[in-house]
Visitor: 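Would you mind keeping the following structure in view while I ask a few things?
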Amino acid sequence: MSLTAADTVIVLDFETTGLSPAQGERAIEIGAVKLEGGIITERFQQLMNRGCRVSGFIENYTGISNAMLTSAPPCETVMAEFAQFIEGYNLVAHNASFDQKFLEAELARLGYCQTYPFACSMLTARRLYQQAPNHKLGTLVRYKQLPTDGTFHRALADAEMTAHLWLAMLDDLQREHAVVAPDFQLMQRLGKTAKGAVAGLLARHR
DNA sequence: TGCCAGGCCCTCTTTAGGGCCTT
């Protein structure tokens with residue numbers, strides 16, 4: 001697989017108190033990796049103390065306890081640092097609409113009012129792996145036999161698995177679909193292309 | 001009292017409804 005500096009992406013994942021920032025839910029952990037030339041070259045992981053307790057459901061789901069959050073730095077500090085980490089890069093997440101809305105909501109609290117270029121590994125996987133049992137991250141990791149240490153629902157672990165999924169999809173596009181140099185823009189378009197039009201889109205990139 | 005996310009996709013659709021996926 002041949003990748004260039006232009007293919008560098010940040011793959012990220014949020015753990016949160018719930019499903020919607022519009023309902024007052026907040027981020028409690030951010031994890032991300034930088035993918036350069038097909039290799040993870042940097043990692044970012046940080047818990048965030050938002051100043052109040054998380055539910056028992058979230059403690060059980062993520063393994064992030066209130067005790068762990070008590071000693072974590074404030075959201076504002078972490079997000080300001082993370083904004084520097086992602087500045088200027090294309091972003092990838094699994095079910096990206098979820099992470100995008102939390103990213104933009106948390107950064108908006110700091111006065112960063114901008115949108116970020118996202119591609120969604122879930123939408124792309126739905127196009128490429130239509131035979132998969134489903135398109136949850138954990139299922140796709142098993143389906144593609146991707147590297148994992150068995151940790152799920154922690155931000156850095158999920159970001160790393162999503163990064164491996166992203167690389168697997170790039171590789172499959174080249175090997176199985178003869179796509180020449182698949183890039184971020186193609187992956188974005190692939191996820192938004194109607195099911196029946198995928199073959200035509202890929203044919204134009206051979 | 002009952003409901004309470006939302007964006008995307010698919011189909012028995014498009015003047016709609018339901019499932020998937022994220023925490």
Side-chain angles (χ1 to χ4, degrees), chain A residues 9-33 45-66 68-69 72 75 78-79 82 86 91-109 115-144 146 148 151-166 168-169 186-201:
Chain A
V9 297
I10 302 286
V11 185
L12 63 92
D13 183 72
F14 277 102
E15 302 306 318
T16 71
T17 61
L19 293 173
S20 174
Q23 300 295 312
E25 309 294 0
R26 297 291 305 275
I28 56 174
E29 187 182 42
I30 177 67
V33 298
Q45 180 180 32
Q46 191 59 258
L47 291 167
M48 293 179 253
N49 184 358
R50 68 190 186 104
C52 54
R53 298 178 63 79
V54 298
S55 69
F57 171 80
I58 293 299
E59 283 190 312
N60 289 330
Y61 187 80
T62 64
I64 299 171
S65 67
N66 282 293
M68 293 163 68
L69 293 172
C75 284
V78 175
M79 290 309 299
F82 189 63
I86 64 176
L91 307 179
V92 174
H94 200 69
N95 197 12
S97 64
F98 174 87
D99 294 280
Q100 182 170 20
K101 65 189 179 184
F102 273 99
L103 175 69
E104 292 176 359
E106 292 295 346
L107 290 180
R109 291 171 173 270
T115 57
Y116 292 83
F118 264 92
C120 178
S121 58
M122 182 191 75
L123 294 179
T124 309
R126 277 181 177 171
R127 291 292 170 267
L128 288 184
Y129 305 135
Q130 295 180 23
Q131 307 308 316
N134 60 56
H135 299 88
K136 295 177 182 177
L137 180 58
T139 301
L140 290 167
V141 166
R142 288 185 289 274
Y143 180 72
K144 294 299 295 179
L146 301 174
T148 172
T151 303
F152 292 90
H153 306 307
R154 285 300 300 269
L156 182 59
D158 283 4
E160 291 206 26
M161 288 187 288
T162 302
H164 288 300
L165 172 62
W166 183 257
M169 291 192 293
L186 173 63
M187 299 293 269
Q188 263 188 325
R189 284 204 301 278
L190 193 51
K192 296 175 182 174
T193 298
K195 206 172 179 179
V198 168
L201 174 67

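Letters go in sequence order (proteins before strands), and every chain restarts at 1.
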Visitor: So what does A:R127 touch, heavy atoms closer than 4.0 Å: a base, only the sugar-phosphate, or nothing?
Guide: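 Since only primed, P, OP1 and OP2 atoms lie under 4.0 Å of A:R127, the category is sugar-phosphate.
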
Visitor: Tell me every residue that passes side-chain contact (heavy atoms from CB on, under 4.5 Å) with A:N134, counting only those two or more places apart in sequence or in another chain.
Guide: A:K136, A:T139

Visitor: For residues 91-104 of chain A, which residue pairs qualify under salt bridge (charged side-chain N to carboxylate O under 4.0 Å, His left out), counting only residues two or more places apart or in two chains?
Guide: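 Every pair satisfying salt bridge (charged side-chain N to carboxylate O under 4.0 Å, His left out) with a residue in residues 91-104 of chain A: there are none.
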
Visitor: I'd like the P distance from B:dC4 over to B:dG18, given in whole Å.
Guide: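 Their P atoms lie roughly 13 Å apart.
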
Visitor: Mind checking whether A:F57 and A:Y61 have parallel, tilted or perpendicular rings, split at 30° and 60°?
Guide: parallel

Visitor: Within the 4.0 Å limit for protein heavy atoms, which parts of nucleotides 16-23 of chain B are touched? Write it as a string from 5' to 3', B for base, S for sugar-phosphate only, - for none.
Guide: ----BBBB

Visitor: C1' atom, B:dC9 versus B:dT13: distance in rounded Å?
Guide: 12 Å

Visitor: With sequence neighbours left out, which residue pairs that include part of residues 119-129 of chain A fulfil the side chain to side chain donor-acceptor pair (under 3.5 Å) condition?
Guide: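 Applying side chain to side chain donor-acceptor pair (under 3.5 Å) to every pair that reaches into residues 119-129 of chain A, excluding sequence neighbours, yields A:H94-A:S121, A:Y129-A:D172.
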
Visitor: Name all residues meeting the side-chain contact (heavy atoms from CB on, under 4.5 Å) criterion together with A:A108; count only those two or more places apart in sequence or in a different chain, and write none if there are none.
Guide: none

Visitor: Take atom CD of A:E104 and atom P of B:dG7, then tell me their distance rounded to the nearest Å.
Guide: 12 Å

Visitor: Once you round it to whole Å, what is the distance between C1' of B:dG6 and CD of A:Q100?
Guide: 13 Å

Visitor: Roughly how many Å apart are B:dG19 and B:dC12, using the P atom of each and rounding to a whole number?
Guide: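 These two P atoms come out 14 Å apart once rounded.
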
Visitor: Taking the C1' atom of each, how far is B:dT23 from B:dG7, in whole Å?
Guide: 16 Å

Visitor: Tell me, which pairs form a side chain to side chain donor-acceptor pair (under 3.5 Å) where one or both residues lie in residues 19-30 of chain A, sequence neighbours left out?
Guide: A:T17-A:E25, A:R26-A:E106, A:E29-A:Q45, A:E29-A:R154

Visitor: If I pick the P atom on B:dT1 and the same atom on B:dC20, what distance separates them, to the nearest angstrom?
Guide: 32 Å

